[in-house]
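Presented below is the structure to which this report refers.
The shown structure was predicted, so the numbers you read here are calculated from the model rather than taken from an experiment. Note: hydrogens, waters and symmetry copies are ignored here, and every other heavy atom, side chains too, is used. In what follows, every chain begins at residue 1, and chains take the letters A, B, ... in the order their sequences are listed.
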Number of protein chains: 2
Amino acid sequence: MSQTVVRALDILRFISTSPRSLTEVAAHLDVHKSTALRLLQTLSLQGFARQLSNGAYVTGFGIIALGQLAIDQIDARTIAHPHVQRLSEESGHTVHLAQLTGDEVVYVDKVDGATMMMGSRIGLRAETHSASVAKVVLAFADEAVREKAITAATFQRYSSTTIVTAEALRQELSQVRSRGWAEDNGEKEDYINCVALPIYDARGKVSMGVSLTALKVVAPLEVLRARIPEFRLSALTISREFGWRGDEYGKH
Amino acid sequence: MSQTVVRALDILRFISTSPRSLTEVAAHLDVHKSTALRLLQTLSLQGFARQLSNGAYVTGFGIIALGQLAIDQIDARTIAHPHVQRLSEESGHTVHLAQLTGDEVVYVDKVDGATMMMGSRIGLRAETHSASVAKVVLAFADEAVREKAITAATFQRYSSTTIVTAEALRQELSQVRSRGWAEDNGEKEDYINCVALPIYDARGKVSMGVSLTALKVVAPLEVLRARIPEFRLSALTISREFGWRGDEYGKH
DNA sequence: CGAATAAATTGCAACATATGCAATATAGTT
DNA sequence: AACTATATTGCATATGTTGCAATTTATTCG
């Protein structure tokens, strides 16, 4: 583990949250200002950081370019994107595609609905105990993977409906397996709800999920539930493109 | 300048082009495999790289997340985006916004037109000697900045119309200043053309440009030129939002 | 399926680099 | 102009990175 590299990457994360002065960066890393300065100089020369006219450091365009290339490289996204796009157009809602990576579920695609732009971000992890795409992927994942994710969950309460214990999450995931889809009833933001379906691959495994998200005032949970039959057709089509050959979607 | 950090960032750029094995990364960096492995392990643990099931390394989701945050942080983009979006919708063409950073011009926003998706990427630099947004920004930039950019240009020939000498570029930029807009007549890709206008800021300076891009078969240069009067209104509006108070757009 | 080959990984001592200190330069405030 | 705060640089040295050798794992071949 390279301490110097960890520090440099930590700087990148720190300056991505808001413009930061040299003094702030040194304090954040708990190193001497000359050390922080040399790391920032290296990052800047390489295009990964840049200085505003007031001296503050922000993320450089080199990161943006790499991020864009990385998004293009996500295989799952290439295959599923036309479906995600169409689902959003047809439903008018925001559609997310997320993928299991290690023991967390990460957003890999997203098309915003007509009425709103959401705070979720490609590249960020979906909350294990609230996000419906995380629930649906973990519900159908290997038990070892599921338990590891549950153990790592923070169970931070965001609203009155947030799941805040491991046992409650296990029960919820059991329900997801029974009915074949996951829900988020305002558990992260109390004015947003969504439903998610699993995507099966060639081996019949689930490592991806797709969700429909909407403001409650625009489409309450019942409205999203009513869309599940047609949503399931899309999820089936996506699954088939990933090589799934099962007979009964959502039931095995 | 931190050699270790430079190596790590070089790895990030290398693996962003296609999935790479440990052996390839070590050869690329010209270091021992154990050195490359430790750097890759550090990047992976920090979420900046990840390993595919076959052992190859690709860009991690941490980079994607940072790239998305960085895009959100670009002030120019926040202000100009509604206009860029509207311009693309109204014209049906791809619209780019680019900004001078140091001595190069970088794409900071882009909305694809109805007919096609383009290869240009937010975060990447616009070609100094061919891209119309680069020409328009440099034409109206300080002479010192312009000369530095011209000196650094590669003048690589991409098509029969590419500008390949510094003197020819200076003449081109002089013409841009005279008529008030820049053009790319298939100079990068011979089937694409575009026109670009400067954006003035509160001090009457130009550090941003906006362009309309189209396939020649869809909209030849004459068609794009014909759009300049209305395009100029948009560029004026954007300039005013950046605080410009001049009387005669494009003429001072 | 075992042998051979190639790639990946790890422990550890050497040494090259990253580090903090002190001095200096620059910017901002009173 | 004086004072304070922030940023920057040269340099000696402490320490973290490095490559080597050994080991483990994966792949290929007969």
Side-chain angles (χ1 to χ4, degrees), chain A residues 1-60 62 73 101-103 142 144 202-203, chain B residues 1-60 62 73 101-103 142 144-145 202-203 205:
Chain A
M1 206 29 177
S2 169
Q3 172 184 251
T4 306
V5 173
V6 168
R7 280 178 173 163
L9 302 180
D10 204 4
I11 290 176
L12 289 177
R13 279 192 291 264
F14 187 58
I15 65 178
S16 74
T17 59
S18 83
R20 305 288 187 180
S21 69
L22 166 65
T23 304
E24 288 178 295
V25 170
H28 173 75
L29 286 183
D30 194 27
V31 297
H32 198 272
K33 286 205 294 189
S34 58
T35 300
L37 181 63
R38 285 196 190 88
L39 291 168
L40 280 163
Q41 284 173 335
T42 303
L43 291 168
S44 297
L45 279 164
Q46 298 291 312
F48 283 67
R50 65 189 173 93
Q51 251 182 313
L52 300 177
S53 51
N54 69 356
Y57 290 89
V58 293
T59 312
Q73 266 185 340
T101 300
D103 55 340
D142 292 340
R203 291 176 298 140
Chain B
M1 208 29 178
S2 168
Q3 172 184 252
T4 305
V5 173
V6 169
R7 280 176 172 164
L9 301 180
D10 202 5
I11 290 176
L12 288 177
R13 280 192 290 261
F14 188 59
I15 64 176
S16 73
T17 60
S18 84
R20 305 287 188 180
S21 70
L22 168 64
T23 304
E24 289 178 295
V25 169
H28 174 75
L29 286 180
D30 193 28
V31 298
H32 198 271
K33 285 208 290 190
S34 57
T35 301
L37 180 63
R38 286 195 190 86
L39 291 168
L40 281 163
Q41 283 173 334
T42 303
L43 292 168
S44 298
L45 280 163
Q46 297 292 311
F48 283 68
R50 64 188 173 93
Q51 251 183 312
L52 301 177
S53 50
N54 69 357
Y57 289 89
V58 293
T59 311
Q73 266 186 337
T101 299
D103 56 338
D142 292 340
V145 168
R203 292 175 299 141
K205 289 199 162 264

Phosphate-side-chain proximity, T23(A) and dA7(D), N/O vs OP1/OP2 below 4.0 Å: yes
Test item: L39(B) and T42(B) side chains (from C-beta on) under 4.5 Å apart, heavy atoms: no
Atom-pair distance (CG on L40(B); P on dT9(C)), nearest Å: 9 Å
P19(B) to A56(B) - nearest heavy-atom pair and separation: CB-CB, 3.9 Å
Nucleotide-resolved protein contact map, nucleotides 12-18 of chain C, B/S/- at heavy-atom distance under 4.0 Å: B----SS
L37(A) vs V25(A) side-chain heavy atoms within contact, under 4.5 Å: no
Side-chain N,O (Q41(B)) to OP1/OP2 (dT10(C)) below 4.0 Å: yes
Protein proximity profile, nucleotides 25-30 of chain C - base contact B, sugar-phosphate-only contact S, no contact -, cut-off 4.0 Å on heavy atoms: ------
Atom pair CZ/OG1 of R20(A) and T59(A) - distance to nearest 0.5 Å: 10.5 Å
L22(B) CG to dT27(D) P, straight-line distance once rounded to whole Å: 14 Å
Gap separating the CG atom of L9(B) from the CG atom of L43(B), nearest 0.5 angstrom: 8.0 Å
Atom pair distance, as rounded to whole Å: CG in N54(A) and C1' in dT6(D): 13 Å
Contact check, side chains of Y57(A) and E24(A), non-hydrogen atoms, under 4.5 Å: no
Distance in angstrom units between R20(B) CZ and dA7(C) P, rounded: 16 Å
S16(B) side-chain N/O to R13(B) backbone N/O, donor-acceptor pair under 3.5 Å: yes
Of D30(B) and Q51(A), the one whose closest DNA chain D nucleotide lies more 5': Q51(A)
Atom-to-atom span, CG of L37(B) to P of dA7(C) - whole angstrom: 15 Å
K205(B) vs D142(B) side-chain heavy atoms within contact, under 4.5 Å: yes
Whole angstrom value for the distance that separates P of dT15(D) from NE2 of H32(A): 15 Å
Determine all donor-acceptor pairs shorter than 3.5 Å in which one atom belongs to a side chain in residues 27-34 of chain B; sequence neighbours excluded.
{"from": "H28(B)", "atom 1": "NE2", "to": "D10(B)", "atom 2": "OD1", "distance (Å)": "3.4"}
{"from": "H32(B)", "atom 1": "ND1", "to": "S34(B)", "atom 2": "N", "distance (Å)": "3.2"}
{"from": "H32(B)", "atom 1": "ND1", "to": "S34(B)", "atom 2": "OG", "distance (Å)": "2.9"}

Residue closer to the 5' end of DNA chain D, S34(A) versus S34(B) (nearest nucleotide): S34(A)
Nucleotide nearest L39(A) (side chain, heavy atoms from C-beta), chosen from dT8(D), dT9(D), dT19(C): dT19(C)
